[in-house]
There are 2 protein chains.
Amino acid sequence: MQTYSSITARRAEPIPFAGPFAGPADLDEINLVGLPIAYARDREIFGEGEPANKVYKVISGAVRVFRILADGRRQILKFCLPGDVFGIEMGAEHNANAESIGDSLVVVALRSHVLGDDASLSPRLWRLAMSDLRRSHDQILNLGRRSASERLASFLAEMAERLGDEGTIELPMSRQDIADYLGLTIETVSRTLTQFRSLGLITIRDCRTISIERPTVMTALCA
Amino acid sequence: MQTYSSITARRAEPIPFAGPFAGPADLDEINLVGLPIAYARDREIFGEGEPANKVYKVISGAVRVFRILADGRRQILKFCLPGDVFGIEMGAEHNANAESIGDSLVVVALRSHVLGDDASLSPRLWRLAMSDLRRSHDQILNLGRRSASERLASFLAEMAERLGDEGTIELPMSRQDIADYLGLTIETVSRTLTQFRSLGLITIRDCRTISIERPTVMTALCA
DNA sequence: CGCAGTATTGACTGGGATCAAGGAGCGTGG
DNA sequence: CCACGCTCCTTGATCCCAGTCAATACTGCG
């Protein structure tokens, strides 16, 4: 069984930048004002059980949010790409872990600046939470009812949509991360991608750079 | 493969009660004021793609919220029990289906009465969304990384917590519903329950009535 | 009783996990 | 420059958990 024990991230020694910083402005984005912090790859940003008094937004790089079972099995709940907000919880403690995937820049703000203590909430924050919920539902459907190749196809479709450039995807995450996101093993991920390649659905330039050659067929494969 | 084609719910012909009605008051609950509607078992409450201009709250009975793949595979996203709210979406359309499980009473309110058009949101509603998100994450972990018996054990633990009476659970849903919630088949659910019974972990009075005899062992089985 | 829907049980299959062995990319140091 | 080690990825062989197919039992209900 693949476990998490061998790939534990070191506790972050973040490098704070000078001065406050706002993320890229966008009508539909949460415009976090806070301290930008640079994380090297595989650094813990927060852990399960820690006080959830901050919220985070990815500026560059990528972040994995995940939970771990006692025996080391890991499930990635979401990949956060530039613009994505993470770390917002209902309770006082985080019930998931977050780590940088590659070298990443993250803006950190105080939770109290975003969530008025018990006052009104921003509709943007609401949309954010609801789109997270929507994405979680997609993932539940994937994990519960789709086969390995269907999961891979919809993963590639999701990534193409989120960071695709003319059908070419530059993946920030490893095969192990993909496996832990899709509820598969690294071997199955690798084998299925090879299979897609030999069917002419994708080309794999290097293992992090994938082009979707037959988008229509790929979409159909999602079932 | 188990598909949904054979178990399609008939479109509801709901029986509206006279007059407005408020759900049971509770500090932490959304106190929907709206029209109570009685649904017979297996009636559609709303479907994917329909306008999401109403929100719902279970008064009695139970509701399944689910999504369906084109070929009929079904994944239940959540079971709603008395007190639970469902049908809140970000966009203008539902992206899931909801059906009554047994005969159920549901309060229906206009979405605009709950979600101020673009103004402030109630913190209660926020807690509701965040606890939904939390539960979704639990389910993602279940589906992605736990075995059939671990899923059953955590399902029973969840149900015991939500509607257990001294360790005895009166399940509102069928084996098929449980299977579609846990990403399993009905046969695996049945076999695993039989296995739990022969291990002395549970007793099955009738197939909807289950008592947890060894709660500690059961919790340990969740992994 | 007979019928229909639901649940259980059994026999067998197969998709994906596990175990194991290379291969490719890459930084480091000689 | 190449050799070496390290990490990540790929590929192959085999296994096993859960799915599939099929038969039987249970439960209401007319």
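Proteins get letters first, then strands, A, B, ... in listed order; numbering begins at 1 in each.
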Task: Set of residues satisfying salt bridge (Lys or Arg N to Asp or Glu O under 4.0 Å) with respect to D103(A), sequence neighbours excluded - done: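 Partners of D103(A) under the salt bridge (Lys or Arg N to Asp or Glu O under 4.0 Å) test: none.
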Open item on the list: By the 4.0 Å heavy-atom rule, please label L184(A) as base, sugar-phosphate, or nothing.
Closed with: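 If one applies the 4.0 Å heavy-atom cut-off, L184(A) turns out to touch the sugar-phosphate alone, with no base involved.
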- [ ] Describe the nucleic acid contact of S190(A) in one word from base, sugar-phosphate, nothing, applying a heavy-atom distance below 4.0 Å.
- [x]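 Result for S190(A) = base.
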Euclidean distance, atom [atom1] of residue [X] to atom [atom2] of [N] [Å, nearest integer]:
X	N	atom1	atom2	answer
I204(B)	dT9(C)	CD1	C1'	13 Å
M173(B)	dT6(C)	CE	C1'	16 Å
I186(A)	dC19(C)	CD1	C1'	14 Å
I178(A)	dT10(D)	CD1	C1'	14 Å
I101(B)	dT6(C)	CD1	C1'	15 Å
D177(B)	dG5(C)	CG	P	16 Å
D180(B)	dG19(D)	CG	P	11 Å
R208(A)	dT10(D)	CZ	C1'	15 Å

Would you list the atom pairs, donor with acceptor, under 3.5 Å between side chains in residues 155-167 of chain A and any protein atom, with sequence neighbours excluded?
from    : atom 1 : to      : atom 2 : distance (Å)
E158(A) : OE1    : Y181(A) : OH     : 3.1
E158(A) : OE2    : R135(A) : NH1    : 3.3
E158(A) : OE2    : R162(A) : NH1    : 3.0
E158(A) : OE2    : Y181(A) : OH     : 3.4
R162(A) : NH1    : F79(A)  : O      : 3.4
R162(A) : NH2    : F79(A)  : O      : 2.8
R162(A) : NH2    : D84(A)  : OD2    : 2.6

- [ ] Report the residue (V189(A) or V189(B)) whose heavy-atom-nearest nucleotide on DNA chain C is the more 5′ of the two.
- [x]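 That would be V189(B).
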- [ ] Summarise protein proximity over nucleotides 20-30 of chain D in one line of letters, 5' to 3': B for base, S for sugar-phosphate only, - for none, counting protein heavy atoms closer than 4.0 Å.
- [x] BB---------
Mind checking what makes side chain to side chain contact (heavy atoms under 4.5 Å, CB included) contact with [X], not counting sequence neighbours?
X	value
T209(B)	T168(B), E170(B), R205(B), D206(B)
R191(A)	E187(A)
T188(A)	A148(A), L184(A), T185(A), T192(A)

TODO: Enter the distance from Q176(B):CD to I76(B):CD1 here, rounded to the nearest 0.5 Å.
DONE: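 So the gap between those two atoms works out to 8.0 Å.
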Open item on the list: With rounding to the nearest 0.5 angstrom, report the CG to CZ distance, L221(B) to R146(B).
Closed with: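 Between atom CG of L221(B) and atom CZ of R146(B) there are 11.0 Å.
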- [ ] Return each pair, listed once, that meets side-chain hydrogen bond (donor to acceptor under 3.5 Å, both in side chains) where at least one residue sits in residues 212-223 of chain A; pairs must be two or more places apart or across chains.
- [x]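 For residues 212-223 of chain A: T203(A)-E213(A).
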Open item on the list: Applying ring-ring contact (aromatic ring centres under 6.0 Å, His included), can you list everything that pairs with H94(A), at least two apart in sequence or on another chain?
Closed with: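 H94(A) satisfies ring-ring contact (aromatic ring centres under 6.0 Å, His included) with F46(A) only.
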Task: Per R175(A) side chain, nearest of listed nucleotides dT6(C), dT10(D), dT9(C) - done: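 Ranking dT6(C), dT10(D), dT9(C) by closest atom to the R175(A) side chain puts dT10(D) first.
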- [ ] Return the residues of residues 143-154 of chain A meeting this criterion: a heavy atom under 4.0 Å from some atom of DNA chain C. Order them by number, or give none.
- [x]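 When residues 143-154 of chain A is checked for heavy atoms under 4.0 Å from DNA chain C, the hits, listed by number, are S147(A), A148(A).
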